[in-house]
Amino acid sequence: MLPLNDITPSWTLFLDRDGVINYEKQADYIHTWEEFRFYEGVLEAMRIFTPRFGQIVVVTNQKGVGKGLTKLADLEEIHTNMKAAVEDAGGRIDAIYFCSDLEDTSPGRKPNPGMGLQAAKDIPSIDLSKAIMVGNTSSDMQFGRNLGVYTVFLPTTRPEVDLNDERIDAVFPSLLAFAQAVEKVEG
Ligand SMILES: [Mg+2]
């Protein structure tokens with residue numbers, strides 16, 4: 001179970017990108033900033049999270065880069081602009097990790113925990129016993145388990161996922177709904 005009441009600014013929030021922060025494309029990758037669309041309420045959610053989490057880290061598989069379908073420069077532009085838009089709205093993203101590897105055995109490719117372990121190595125204030133992974137796929141939930149952190153599932157794109165899956169600690173309809181729940185327990 002997710003200990004919502006225990007969250008303090010010593011906690012870390014890991015966020016998947018596509019299907020959590022922005023709309024996924026049906027069976028395709030987001031190739032350019034022009035194709036990137038924030039979900040409704042996400043900028044507000046990021047503003048709510050910002051004072052409540054010490055670190056906010058995006059972890060995203062981007063196989064399209066490895067396949068040569070998305071240009072690395074375009075991915076970097078997406079991330080620069082995404083971060084700037086969040087900041088303009090009063091929020092914060094501290095770090096963004098992506099994995100462009102194609103092989104499911106790659107330690108960096110979710111559900112393997114490489115990106116989270118790298119973040120914890122790069123940012124010493126990250127305490128994995130006080131961290132939450134938010135995602136929209138079973139792979140994200142498995143990543144959370146592999147990393148040893150709590151998990152929040154957003155059923156935005158995968159209606160087939162069993163919400164009672166033991167890898168899911170909590171379910172919210174959107175990132176904003178989760179943010180509002182975090183906001184509510186305070187004080
Ligand atoms: Mg996703």
Side-chain angles (χ1 to χ4, degrees), residues 2 12-46 49 53 55-67 69-70 72 74-83 85-86 91 93-119 131-147 149-163 165 167-179:
L2 181 69
T12 294
L13 184 63
F14 288 103
L15 298 173
D16 173 46
R17 198 194 80 180
D18 303 322
V20 170
I21 293 175
N22 59 282
Y23 283 91
E24 271 190 349
K25 258 162 78 182
Q26 200 73 33
D28 196 5
Y29 306 99
I30 306 288
H31 300 295
T32 63
W33 176 243
E34 285 66 39
E35 294 176 343
F36 184 97
R37 283 196 302 132
F38 282 105
Y39 270 127
E40 288 73 17
V42 158
L43 294 174
E44 169 68 1
M46 297 305 286
F49 289 139
F53 287 93
Q55 296 293 329
I56 300 173
V57 178
V58 174
V59 285
T60 176
N61 282 351
Q62 293 295 330
K63 212 179 193 174
V65 174
K67 287 181 177 172
L69 300 171
T70 306
L72 182 57
D74 288 338
L75 182 73
E76 285 168 352
E77 185 186 35
I78 289 169
H79 289 170
T80 300
N81 292 347
M82 176 177 82
K83 204 163 176 276
V86 167
I93 294 174
D94 296 291
I96 301 172
Y97 291 85
F98 69 89
C99 181
S100 58
D101 295 345
L102 303 181
E103 302 79 24
D104 290 339
T105 52
S106 161
R109 182 170 168 75
K110 290 182 291 183
N112 301 317
M115 287 191 281
L117 295 174
Q118 188 62 48
I132 302 168
M133 171 66 191
V134 183
N136 67 313
T137 65
S138 298
S139 168
D140 291 320
M141 301 299 97
Q142 185 63 48
F143 167 84
R145 283 292 177 263
N146 290 342
L147 193 58
V149 305
Y150 295 100
T151 57
V152 167
F153 182 73
L154 308 184
T156 52
T157 62
R158 303 287 193 282
E160 72 278 12
V161 171
D162 175 10
L163 301 182
D165 188 312
R167 295 169 295 180
I168 299 175
D169 292 319
V171 178
F172 291 92
S174 66
L175 194 62
L176 180 60
F178 171 50

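These numbers come from the heavy atoms of this one structure, side chains and all, not from hydrogens, waters or symmetry mates. Since the structure is predicted, the reported quantities are computational estimates derived from the model, not experimental observations. Positions are given from 1 along the sequence. Start at 1 and go down the list; that is how both ligands and their atoms are numbered.
One finds no salt bridge joining R167 and D162 here, because no Lys/Arg side-chain nitrogen approaches an Asp/Glu carboxylate oxygen to under 4.0 Å. Ion pair R158/E24 flagged as a salt bridge, since at least one NZ, NE, NH1 or NH2 atom sits closer than 4.0 Å to an Asp/Glu carboxylate oxygen.
The salt bridge (Lys or Arg N to Asp or Glu O under 4.0 Å) test applied to K25 returns D28, E35, not counting sequence neighbours. Residues that satisfy the ring pair (Phe, Tyr, Trp, His ring centres under 6.0 Å) test with Y97, not counting sequence neighbours, are absent from this structure. Considering only residues two or more places apart in sequence or on other chains, F38 meets the ring pair (Phe, Tyr, Trp, His ring centres under 6.0 Å) condition with F36.
Taking distances strictly below 2.8 Å, the protein N/O/S atoms close to the Mg ion (ligand 1) are D16 OD2, D18 O, N136 OD1.
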Going through the distances and angles, do D18 and I30 end up as a side-chain contact (heavy atoms from CB on, under 4.5 Å)?
-> CA-CA 8 Å; D18 303 322; I30 306 288; 3.8 Å; yes

